[in-house]
Number of protein chains: 2
Amino acid sequence: MVMQSGLGRRGPAEAGRMEVLNAAATVFMERGFTATSVDDIAEVLGSTKGRIYHYYRSKADIFLDVLTLAMLDLLERIRPIAEQRDLPPDARLHAAARMHATVMMTQSARSRVAVQGTEMHLMQEAGAKQRRALQAFVDMRDEYEQYFADIVADGTRAGLFRDVAPRLAAKPILGALNWINMWYRPRPGSDIENIAEEFATFVVNGLRPTG
Amino acid sequence: MVMQSGLGRRGPAEAGRMEVLNAAATVFMERGFTATSVDDIAEVLGSTKGRIYHYYRSKADIFLDVLTLAMLDLLERIRPIAEQRDLPPDARLHAAARMHATVMMTQSARSRVAVQGTEMHLMQEAGAKQRRALQAFVDMRDEYEQYFADIVADGTRAGLFRDVAPRLAAKPILGALNWINMWYRPRPGSDIENIAEEFATFVVNGLRPTG
DNA sequence: GTCTATAATTTGATAGAC
DNA sequence: GTCTATCAAATTATAGAC
């Protein structure tokens with residue numbers, strides 16, 4: 001029997017399963033959850049949906065796995081940055097923002113889906129298992145946001161940032177960065193490094209005291 | 001014969017038509033374009049879809065009208081701000097950002113739909129008429145973004161802002177503000193004024209020279 | 001102008017052959 | 001493990017009564 005969710009809690013992810021996941025991520029990114037049919041995913045795979053339903057119980061389960069993988073990736077990346085307590089808060093925020101912007105531009109498929117993830121009110125009719133996975137995703141998202149809020153609070157304490165509510169301050173930061181998914185499309189000449197640097201500077205300066 | 005699109009190019013919008021439009025905006029906002037069925041809209045209207053198809057030829061046409069109305073509203077609001085050339089660029093950007101943030105929080109239904117508007121790759125199979133309306137929407141969006149870019153360029157020339165590519169600089173600004181739609185939900189205690197002020201300060205400071 | 005069918009299509013998911 | 005065939009439900013849109 002094949003695991004239907006949990007992304008390898010039982011061991012390393014199988015190749016077949018990951019292929020389905022990546023194909024799905026691509027299409028979800030382009031069309032969103034509802035507008036993506038299982039046949040669309042199969043077409044990207046160059047197969048029929050029989051293959052997909054061998055690995056996954058439902059379209060929602062695939063979507064949840066894409067979300068989960070993307071958030072796990074982001075969390076893994078931000079932890080080492082948040083833990084560099086020797087770096088001043090503004091430098092830490094700069095590094096975190098740079099990382100997030102870069103992921104948005106490079107890990108396109110999965111992260112983009114995760115950012116659109118809000119679209120999931122569609123899954124209200126979901127079963128208990130799916131609701132749990134959805135809640136786990138929301139929890140991870142909150143945890144990720146909290147890393148940013150904590151850095152902001154540190155910066156305010158250090159007198160580097162204005163005195164703002166940290167949780168609220170994280171919103172325009174992540175908004176400016178997540179929005180990249182809405183307009184950025186990879187192309188030969190596009191300089192990811194420059195954009196990431198400019199956006200990181202933007203959000204750090206956004207918190208600095210006025211004049 | 002009833003006009004199928006164009007939002008009153010022939011005269012003032014009829015009441016019945018506007019009722020359909022507003023009901024649709026509400027549901028589109030909550031569920032997105034694809035996940036919204038015409039029956040869902042009818043339910044909000046307290047009628048059946050017969051009424052909707054009397055005013056509109058298709059679901060896509062309704063969606064395009066919602067998008068168009070929202071963008072027309074934003075354009076009307078930003079023009080007077082952009083034309084206040086006596087205000088210094090940073091004050092003008094602050095006012096524009098404040099306006100945009102406020103609209104995101106108050107004109108919820110329509111503006112939110114317009115912001116999600118990206119979801120419209122779904123309409124690739126659309127007819128020529130719909131493609132024209134879609135292009136008109138994209139053009140308005142670009143025009144709106146250009147107002148922000150122009151203010152940024154003014155600010156850079158005045159030495160108030162860093163030397164950034166104006167069009168690119170408009171992205172994190174509108175990203176931080178548009179993202180409000182993703183998390184803000186109206187509630188009794190929520191202070192729209194404070195949030196708008198804080199976010200406007202954030203994006204203006206984001207462009208100021210470092211240190 | 002609104003409603004009640006209903007046609008035509010799409011889609012999520014399953015069953016069973018190979 | 002993948003495919004074909006198919007079911008059942010949902011959904012867009014139309015036709016025609018009132």
Side-chain angles (χ1 to χ4, degrees), chain A residues 1-5 12-24 27-28 30-66 119-127 129-130 133-134, chain B residues 1-5 11-24 27-28 30-66 119-127 129-130 133:
Chain A
M1 172 232 173
V2 171
M3 235 179 38
Q4 293 299 343
S5 141
E14 317 134 50
R17 192 180 177 77
M18 286 298 287
E19 258 184 87
V20 170
L21 192 99
N22 287 328
V27 196
F28 283 146
E30 286 167 1
R31 318 194 204 209
F33 177 75
T34 328
T36 296
S37 75
V38 179
D39 283 322
D40 290 336
I41 301 172
E43 197 186 336
V44 169
L45 276 172
S47 74
T48 67
K49 50 188 168 190
R51 182 158 158 202
I52 293 169
Y53 281 106
H54 174 70
Y55 290 104
Y56 281 99
R57 202 180 288 278
S58 73
K59 187 175 85 160
D61 281 327
I62 309 176
F63 191 64
L64 284 169
D65 265 9
V66 174
E119 193 188 351
M120 272 172 328
H121 26 232
L122 324 164
M123 287 172 45
Q124 279 164 350
E125 329 115 4
K129 197 173 184 176
Q130 283 171 2
L134 190 50
Chain B
M1 172 230 172
V2 170
M3 236 180 36
Q4 292 300 343
S5 144
E14 316 134 50
R17 192 179 176 78
M18 286 298 289
E19 257 184 88
V20 170
L21 192 100
N22 287 327
V27 196
F28 283 145
E30 287 168 0
R31 316 192 202 203
F33 176 76
T34 328
T36 295
S37 74
V38 178
D39 282 324
D40 290 336
I41 301 172
E43 196 185 336
V44 169
L45 276 172
S47 73
T48 67
K49 49 187 166 192
R51 180 156 158 204
I52 292 169
Y53 281 106
H54 174 69
Y55 289 105
Y56 281 98
R57 202 180 286 278
S58 74
K59 188 174 84 159
D61 281 327
I62 310 176
F63 191 64
L64 284 169
D65 266 9
V66 174
E119 193 188 349
M120 273 173 326
H121 25 234
L122 324 163
M123 288 174 43
Q124 279 165 350
E125 329 114 4
K129 196 173 184 175
Q130 282 171 3

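Order of the sequence lines sets the chain letters (A, B, ...), proteins ahead of strands, with each chain counted from 1.
Rounded to a whole Å, the CZ atom of A/Arg57 is 8 Å from the P atom of C/dT14. Regarding A/Arg17, its CZ atom lies at a distance of 13 Å from the P atom of D/dT2, rounded to whole Å. The NZ-P distance, from B/Lys49 to D/dA15, rounds to 14 Å in whole Å. Going from atom CD1 of A/Ile41 over to atom C1' of C/dT11 covers 12 Å, rounded to whole Å. One atom, CG of A/Asp39, and another, P of D/dC3, lie 12 Å apart when rounded to the nearest Å. Remark: C1' of C/dG12 and CD of A/Gln130 are 12 Å apart, rounded to the nearest angstrom. Separating the OH atom of B/Tyr56 from the P atom of D/dT14 is a distance of 16 Å, rounded to the nearest angstrom. Straight-line distance from the CD1 atom of B/Ile52 to the P atom of D/dT14: 14 Å, rounded to whole Å.
Within the 4.0 Å cut-off from OP1 or OP2 of C/dT2, at least one side-chain nitrogen or oxygen of B/Tyr55 is found. The side chain of B/Thr48 places an N or O atom within less than 4.0 Å of a non-bridging phosphate oxygen (OP1 or OP2) of C/dC3.
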**Request:** Report the C-alpha distance between A/Val20 and A/Arg17 in whole Å, list the side-chain angles of each, state the deciding distance to 0.1 Å, and finish with yes or no for side chain to side chain contact (heavy atoms under 4.5 Å, CB included).
**Result:** CA-CA 5 Å; A/Val20 170; A/Arg17 192 180 177 77; 5.9 Å; no
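Here the side chain of B/Arg51 is nearest to one of D/dT2, D/dT12, C/dT2, namely C/dT2. The B/Lys59 side chain lies nearest to D/dT12 when the options are D/dT12, C/dT4, D/dT2. In this structure, of C/dT4, D/dT12, C/dT2, it is C/dT2 that holds the atom nearest to the side chain of B/His54.
Of all non-hydrogen atoms in A/Asp40 and A/Ala35, the two that sit nearest each other are OD2-O, 3.8 Å. Taking every heavy atom of both residues into account, A/Leu64 and A/Ala133 meet most closely at CD1-CB, 3.7 Å. Taking all atoms of both residues into account, the shortest heavy-atom contact from B/Lys49 to B/Ala42 is N-CB, 3.7 Å.
With the nearest nucleotide of DNA chain C identified for both A/Ser37 and B/Gly46, B/Gly46 has the one nearer the 5' end.
When side chains are defined from C-beta on, B/Ile41 counts as touching B/Phe28, because their heavy atoms get closer than 4.5 Å.
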